[in-house]
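Below, chain A is the first sequence line, B the second, and so on; all start at residue 1.
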Number of protein chains: 2
Amino acid sequence: MASSPSGALGALDPTSDRAVFRQIADQIREAIDKGRFKEGDKLPSEAELVEHYGVSRMTVRNSLSILQTEGLVVSEHGRGVYVRPRPPVRRLASDRFARRHREQGKSAFIVEAEAAGSKSEVDSLEVGEERPSQDIAARLGSPRRVLARRRRYLLDGRPVEFATSYLPLDLARNTPIAQPNPGPGGIYARLEELGHRLDHFDEEIKARMPTPQEVRTLRLASGVPVIHLIRTAYDTEGRAVEVCDTVMAADAYVLSYRLPAT
Amino acid sequence: MASSPSGALGALDPTSDRAVFRQIADQIREAIDKGRFKEGDKLPSEAELVEHYGVSRMTVRNSLSILQTEGLVVSEHGRGVYVRPRPPVRRLASDRFARRHREQGKSAFIVEAEAAGSKSEVDSLEVGEERPSQDIAARLGSPRRVLARRRRYLLDGRPVEFATSYLPLDLARNTPIAQPNPGPGGIYARLEELGHRLDHFDEEIKARMPTPQEVRTLRLASGVPVIHLIRTAYDTEGRAVEVCDTVMAADAYVLSYRLPAT
DNA sequence: CTTGCCCACTCGTCTATACGAGTATGCGTC
DNA sequence: GACGCATACTCGTATAGACGAGTGGGCAAG
C-alpha cells in the first residue's frame, strides 16, 4: 500500500469533530514535517487525494489551500503541488552600514551576496524628484519635495527586496546622489563628502502579508510574508538626511542585530 | 443605489481575463483602502454579494478567502465578515534591556505596556529543566541540559507574544533564576548578581506564517504572520549565558533599533 | 532524426445545491 | 421585567459536475 502516491498519508477519523478538510491538511502537514515529503517533492495530485480519502475535489482543494497559505506548499498549474523549497537566506547584520564597509566601492548588497557565494543584481533603478508621503515627510523634517531612489534587488535571479531611499531635495539636488550610480561607497559615502557626517541609524521593523503589488514585484509565493524595514539616517547635527523604505521577501532574510548591554 | 449594502462596490468587467473572484476581491480591497469600508465595519453578507455580482456563493467565498489571507478582513461565524481592526502596536526599542531599565523591579514587558497605557499580564509561566534542541544547544555552547523558562504575554487581554528563555543548568540551578519569579530586574539582574556581567545581546529576526499551534496560542487571525526573534545574551567573558526564543504576533509589534554609524 | 500535433494529466475557475452551526432578535410566556 | 424559545440570518462544510488552461510525453508525419 505504501507504493501508492498517497502512501505517506493515513485515513480520516469519522468520529472526530474536526472538519474533514482540516484533517486532510493536518495529515499532509505532518507528512511534510516528518520528512515523508521532502522539499521540492510532488504531493499526490488532487485526483489521487480525492481517491485516497473518498471526498470531493473541492474538499481536497480546500485542504491544499490551507497548506498554501501556511507557506508549506506551492501549486504549479498543469504540473502539480510541491513542497515549497526553502530559498537560500540572506543575513543582514546590523553593522552593514559601518563606515569601514563603505571603502570598497561596491554596494553593500552585492558585496554581501558575493561573500555568500550568490549572484546578485540590482534592476529597475529609478531616480527622481517627488512629493513625499506624510510618513516619509515627517521622518525627514517635512520637506516639500524629496529625491527618491528606487531599486529592486535580485539574488540568483530571484527578486528578494525592493527599496526606496528618500532624501531632502536641498541636500541631494545636483549632487552625485541624484545620479543613478552615485559612485563608490554609495549615497552614504557621498553624504559624508558633502559634510553630513553620519551619526546613527534608526531602523523600524514590521512584518505583514504583502499587497498584491508586492506579490508581483517580488514574485512571492502565497503564504510568504514581507518584512518592512524603514531606516532613517541621522547626521552628527541630528538632522535626518535619508529615509530608506525597504520591503523584503521574509523567506529570504534573517535580520541580525548586536546590542550593547549597557 | 448607494443605499444598498453593496453600494460601495462596482460591477464586474466581463471582458477582463482576470478571474471573477479576483475582480470581486480587488473591488472589496479597493473599497477598504479608500475608506469606503472602515476598520471594524461589516462587509455585505455573502448572500448580498451573490446578489450584487450575480455569481455563485462559492465564488464570493473564494474572494473573501483571498482578503482573509491578506489579513484585510476577518469572518465571524454567524455574524458576518468585518474589516480587520488594527490592534494597538507595541514598540520594542533596542535599549529595552539596558541596565538602567533593570532597576525598577518590574519586568520590561509590564513597564513598557503601562507606559503606553495598556494593561498587560504574563500567564502560563513554566520553569523546568530539559534537554535543549540542537539549535539552542549550539547557541549556548552545547550544554547537555538547560533551564527553560516559558511564558506568554497578554496586552489588554490579547495574547501577543510567547517566549522561552534557555540558560545553561550549571549557571541557573539553585538560583533565583530557577524560581517562577526571579525577583526585581528579572533574570538579567540575577545573572549580573551571580557575577555574569552582561556585555551584549545578539538578536536574530525572521518573519513567517504561524504554525497551527502558534495560531492557537496567540489566537491569531488568518493572514497575520509572526515575528520570530532569537536573542542570545553574552557576558563580558564572551560566554553565552541565555538564549531567549520569542514568537510575536506581527500585527502587534514594531521593532525599533538604533545603530551607530561608525 | 526532427517537427508538430494530439492526448492525458494537472491545477484553475465556476455553478448549483444541501445541510450544519453560531448569533441575534423578537415575541410570548411566566 | 426576566426568561426561554422560535426564527431568520450569518458563515462553515461538503458534494457533484462542468469546462478552461498549462504541461509534458508519445506518436505520426515529414
Side-chain angles (χ1 to χ4, degrees), chain A residues 4-6 11-28 37 40-69 72-84 212 215 221-223, chain B residues 4-6 12-28 37 40-69 72-84 212 215 219 221-223:
Chain A
S4 89
S6 321
L12 298 178
D13 173 5
T15 71
S16 165
D17 55 0
R18 189 159 176 80
V20 171
F21 74 91
R22 289 187 205 285
Q23 291 189 49
I24 296 176
D26 290 344
Q27 292 199 5
I28 300 175
F37 295 120
D41 278 6
K42 187 173 175 304
L43 294 187
S45 74
E46 293 177 357
E48 285 161 350
L49 291 170
V50 163
E51 168 83 6
H52 178 83
Y53 287 112
V55 298
S56 80
R57 182 164 167 234
M58 287 312 290
T59 301
V60 164
R61 283 183 62 76
N62 211 339
S63 307
L64 292 173
S65 85
I66 291 182
L67 300 175
Q68 250 186 74
T69 64
L72 284 179
V73 306
V74 291
S75 69
E76 299 182 24
H77 191 172
R79 307 218 313 124
V81 179
Y82 296 82
V83 179
R84 188 160 71 88
V215 169
S222 72
Chain B
S4 90
S6 319
L12 298 177
D13 173 6
T15 70
S16 165
D17 55 358
R18 189 158 176 81
V20 171
F21 73 91
R22 289 187 205 285
Q23 291 189 49
I24 296 176
D26 290 344
Q27 293 200 4
I28 300 175
F37 294 119
D41 278 5
K42 187 173 177 302
L43 292 187
S45 74
E46 293 176 359
E48 285 161 351
L49 291 169
V50 163
E51 168 83 6
H52 179 82
Y53 287 112
V55 298
S56 81
R57 184 168 164 231
M58 286 313 289
T59 301
V60 164
R61 281 183 62 77
N62 211 340
S63 309
L64 292 173
S65 84
I66 292 182
L67 300 175
Q68 254 190 70
T69 64
L72 284 179
V73 306
V74 291
S75 69
E76 298 182 25
H77 191 172
R79 306 217 315 124
V81 179
Y82 296 82
V83 178
R84 187 159 71 88
V215 169
R219 279 189 235 136
S222 72

Considering only NZ, NE, NH1 and NH2 on the basic side and carboxylate oxygens on the acidic side, decide whether A:D13 and A:R18 come within less than 4.0 Å.
no
C:dT17 phosphate, OP1 or OP2, under 4.0 Å from B:S56 side-chain N/O:
no
Does a side-chain N or O of A:T59 approach OP1 or OP2 of D:dT13 to a distance below 4.0 Å, or not?
no
Separation of C:dA8 P from A:E48 CD (nearest whole Å):
17 Å
So does B:R61 get a side-chain nitrogen or oxygen closer than 4.0 Å to the phosphate oxygens (OP1/OP2) of D:dG12?
yes
With respect to the phosphate group of C:dG22, does any side-chain polar atom (N or O) of B:R79 fall under 4.0 Å of OP1 or OP2?
no
Using a 4.0 Å heavy-atom cut-off across all strands, classify A:R22 as base, sugar-phosphate, or nothing.
sugar-phosphate
Phosphate OP1/OP2 of D:dG12: any B:S75 side-chain N/O under 4.0 Å
yes
Integer-rounded Å distance: C:dC14 P and B:D17 CG
11 Å
Taking all non-hydrogen atoms of both residues, which atom of A:L49 and which atom of A:P44 are closest, and how far apart?
CD1-O, 3.8 Å
Nearest-Å distance for atom pair CG/P, residues A:L49 and D:dA14
15 Å
Residues B:L67 and B:A25: closest non-hydrogen pair is CD2-O, 3.7 Å
Less than 4.5 Å apart, any side-chain heavy atom of A:L72 and any of A:V83?
no
Tell me which of A:G80 and A:M58 sits closer to the 5' end of DNA chain C, going by the nucleotide each one is nearest to.
A:G80
Distance from A:H52 atom NE2 to A:I24 atom CD1, nearest 0.5 Å?
8.5 Å
B:L12 CG to C:dT13 C1', in whole Å, measures 14 Å
Spacing between B:H77 atom NE2 and D:dC11 atom C1', to the nearest angstrom:
5 Å
Ranking D:dA14, C:dT10, C:dT15 by distance to the side chain of B:V55, first place goes to C:dT15
Atom pair distance, as rounded to whole Å: CG in B:N62 and C1' in D:dC11
15 Å
By nearest nucleotide on DNA chain D, pick out whichever of B:R57 and A:G78 is the more 5' one.
B:R57
Roughly how many Å is it from NZ in B:K42 to P in C:dT23, rounded to a whole number?
14 Å
Closest to the B:S45 side chain, choosing from D:dA14, C:dC11, D:dC11
D:dC11
Gap between atoms CZ and P, on B:F21 and C:dC14 respectively (whole Å):
6 Å
